[in-house]
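Report on the structure given below.
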Amino acid sequence: MTRTIKRANRWFDDRLGASGFVRTALNKVFPDHWSFMLGEIALYSFLLLVLTGIYLTFFFQPSLKEVVYDGAYAPLKGVEMSQAYESTLRLSYEVRAGMVMRQMHHWAAIIFLAAIVVHVGRVFFTGAFRRPRELNWIVGCSLLVLAMANGFAGYSLPDDQLSGTGLRIAYSIALSIPLGGTWVAYLLFGGEFPAESIISRLFVIHVLLLPLAILGLLGVHMAIVWRQKHTQFRGPGKTEDNVVGSRLWPSYALKSVGFFFLVSAVTALLGGLAQVNPIWLYGPFRAADVSAASQPDWYVGWLDGALRLFPGWEIRAFGHTIPAVFFPGVLLPTVSFGLLFGWPFIEARFTKEDVRDHHLLDRPRERPLRTGIGTGVITFYVVLFFAAATDVLATVFDVSVTGLLVAFRVALLCLPPVVAFVTYRLCKEAAALPDEEDAAPVVVRTASGAYVTGHGHQAGNGGDGTPRADGLDEIGSGPRPDAH
Amino acid sequence: MTRRSAALLVLLVLGGPFSVLVTMLHPAAAGQPAGTADGDVEQGRALFTTGCSSCHGLRAEGTRRGPSLLGVGAASVDFWVSTGRMPLKTGGARQAVRKPPAYQRDDIDDLIAYVTSLDPDGPPIPELDLARADLAEGGELFRANCAACHGAVGIGGALASGRLAPPLRPASAAQVAEAVRIGPGTMPNFGPDTFSQDQLEAVVTYVESLDHPDDRGGSGLGHAGPIPEGFVGWLAGLGALLLACYWIGDRE
């Protein structure tokens, strides 16, 4: 048996010569800190999205052809609807495991985006985007944009009342783009809203174009991580020139597979127990109808909130009218993503030191200004997100929606600076405190058998090149590609 | 003259002017309009005087504190009183809201009898036969005419005026039908010209079915759409996974 495997191995190796690569690959070192697994949540949610999504495509029909419903859900019997909506109903009511697959797909999308955002936050607050990783920051941000776009496309596919309302708003945003607006809207929708071909176009975008783009960028993202190796927090034995952690095989790989099962388990639990997007209750899309309390999924919520909060200014310039939706619908996301993509370069311009490579991470409190700006910006988008819920909040807390909007406008302008400033002060004070980790006493047994007590750095394991007492240098650390 | 004709004459002499008087003062007492609940006008008057006249006036003619109730119809009185909105609490609330009703069924019937006795116009309490109603048509009508304010699943919504369209779950079938016919507050009314009796029954059936929507996918999360879904995704979904990371990973 083993002989056969060895033989097969040799056969492939003779032809591909990959064994050298595989050996280094299996020995590659991954950091163990928990915050390095956030990206993995995103990766595994994406995998789940692909798996459940494939199942859904077996049954979903991306067509606006009108049919009369004759399925299991009594309150819609005899109602005219599009095939897209009808097939989604069938998925939910008649297809075996269709409901749980649909719901897992939707929950996985919600978790996917949330994990990306938290992952971006981790990279931001620890300065992991600094040279030489600016490129991967840009790839990561592109993944965020693509994931959002694909989430929105998927949300729009079932052609229910809620998704149609979202599409109508997207259409008016596309139209508001100066000069090219009509053209963009026409390209996306294939005609005036609600156009015949929108669902089939969105379908191709949702199951083919964007997933392929995401998959490709994911590959690039991980290849760059592989090439540049991971960053790591400062700590015993960790330097700018090494990576401390577990090897890919067996410990990291096994842990990671286990983690994939955990992500699947949480998604499956939600998919089975918590109802998401019950389109049968929303009814088929009718262009003439709207429903109160129509919201997009959370990751588009901040845009919806901006649309609600922004005053209805219309600007006439050069014989063109710029409609009010342009500012919250086009300008805001452009500026937001522009700043996000450009952050590594913006920061490098203002902090002169950044000509070096960085492989050791910052603790957020060591960078009060960056951390302050980050929390302020997050606050801005959280306020926008809640602004998308004004009508739901007004109903639940029995307050006037007009008053709420005013309160939100004030909060949007005042809260971010306040939060940024408070964070900044807190970081300053925390940074002034003595560092517990460096101050913690460390006991080292010397070669002669004597015990020496010292503090972090002096004790011989603080990254000054002296071998560690526990031999971690040899076991779990590998040199950086550029370390000699 | 027989005793019978003598009695008739007495009735004519005495009763004629009296009945004219009664008809002038209490039009409904003379010819009972259809649809009025079989309450007692006199008891209704007493209840109205103590509970309602401070705002609506002794003869329901209206005051600065409350509108005239002449011609609002039995459906209106039944709706406003049985949903507990009336009697209104003094003190400027934005909008009358549903409360536990202050009157028993009999007393409400008496109030209806009294108010409709002053002016018999206005929509009667709709009679409903829900057994043969068309649920699917009700859904179509609901989504086209009601969901804009009350939400697709009837959880209520906020109106631009600053008022709220209330959640529909607490409303009984009769109250839904009354609301549709009278259009309370800022809600438009849907008279027999807009909604036929069949359509009324269909909408009422659909609204009642929303009391227990088909939550086939699990917990309904309040039927408030993507906002609670986002919270659950973040807290239960990502939250659980972050804990898992923390558990598996190195905490330094």
Let me have the donor-acceptor pairs involving side chains of residues 184-194 of chain B, under 3.5 Å, with sequence neighbours excluded, atom names and distances please.
none

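Annotation: the span from B:Leu164 atom CG to A:Ser400 atom OG amounts to 8.0 Å, rounded to 0.5 Å. Distance check: A:Ile116 CD1 to B:Leu238 CG gives 11.0 Å after rounding to the nearest 0.5 Å. Here B:Glu140 contributes atom CD and A:Asp289 contributes atom CG; the two are 8.5 Å apart, rounded to the nearest 0.5 Å. Between the CG atom in B:Leu135 and the NZ atom in A:Lys77 there is a gap of 11.0 Å [rounded to 0.5 Å]. One distance of note links CZ of B:Arg143 with CZ of A:Arg286; it measures 7.0 Å at 0.5 Å rounding. Rounded to the nearest 0.5 Å, atoms CH2 (B:Trp247) and CE (A:Met37) are 10.5 Å apart.
The minimum heavy-atom distance between B:Val153 and A:Tyr282, with the atom names listed, is CG2-CE2, 4.1 Å. Looking at every heavy atom in both residues, B:Ala136 comes nearest to A:Ala74 through CB-O, 4.5 Å. Summarising the geometry of B:Cys245 relative to A:Ile41, their closest heavy-atom pair is SG-CD1, 3.9 Å, with the distance given to 0.1 Å. Here the closest non-hydrogen pair linking A:Phe259 and B:Ala244 is CE1-CB, 4.0 Å. Smallest separation of non-hydrogen atoms from A:Leu270 and B:Gly237: CD1-CA, 3.8 Å. Here the closest heavy-atom approach between residue A:Ile110 and residue B:Gly233 is recorded as CG2-CA, 3.7 Å.
Heavy atoms closer than 4.5 Å to chain B are found in the side chain of A:Tyr73, but not in its backbone. If you measure heavy-atom distances from A:Val117 to chain B, the contacts under 4.5 Å come from the side chain alone. Looking at A:Ala114, the atoms closer than 4.5 Å to chain B (heavy atoms on both sides) sit in the backbone and in the side chain alike. Heavy atoms of A:Val290 lying under 4.5 Å from chain B belong to its backbone as well as its side chain. Looking at A:Val266, only its side chain comes within 4.5 Å of chain B, counting heavy atoms on both sides. In this structure, the portions of B:Ile248 lying under 4.5 Å from any heavy atom of chain A include both its backbone and its side chain. Using a 4.5 Å cut-off between heavy atoms, A:Gln103 contacts chain B through its side chain alone, with no backbone atom that close. Heavy atoms of A:Thr390 lying under 4.5 Å from chain B are absent altogether. With a 4.5 Å cut-off on non-hydrogen atoms, B:Ala240 touches chain A through its side chain but not through its backbone. In this structure, the portion of A:Leu162 lying under 4.5 Å from any heavy atom of chain B is its side chain and not its backbone. Residue A:Pro296 touches chain B through its backbone alone, counting heavy-atom pairs closer than 4.5 Å.
Chain B forms more heavy-atom pairs under 4.5 Å with one residue of A:Leu281, A:Val401, A:Asp391, A:Ile111 than with any other, namely A:Leu281. When A:Leu273, A:Leu269, A:Thr402 are compared by the number of non-hydrogen pairs under 4.5 Å with chain B, A:Leu273 comes out ahead. Options B:Gly157, B:Pro166, B:Ala165 differ in how many heavy-atom pairs under 4.5 Å they form with chain A, and the most are formed by B:Gly157.
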Inset, instruction - I would like to know whether B:Trp234 and A:Leu113 meet side chain to side chain contact (heavy atoms under 4.5 Å, CB included); could you show each step before the answer? - result: CA-CA 10 Å; B:Trp234 268 89; A:Leu113 265 300; over 6 Å; no

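When side chains are defined from C-beta on, B:Val232 counts as touching A:Trp107, because their heavy atoms get closer than 4.5 Å. Between A:Val263 and B:Leu241, the closest side-chain pair of non-hydrogen atoms falls below 4.5 Å. Inter-residue side-chain proximity for B:Leu243 and A:Trp34 is flagged as unmet; no heavy-atom pair is nearer than 4.5 Å.
A tilted orientation is assigned to the rings of B:Phe231 and A:Phe386, their planes being inclined by 30° to 60°.
Among residues 200-230 of chain B, the residues having any heavy atom closer than 4.5 Å to a heavy atom of chain A are, in sequence order, B:Tyr206, B:Pro213, B:Asp214, B:Asp215, B:Arg216, B:Gly217, B:Gly218, B:Ser219, B:Gly220, B:Leu221, B:His223, B:Ala224, B:Gly225, B:Pro226, B:Ile227, B:Glu229, B:Gly230.
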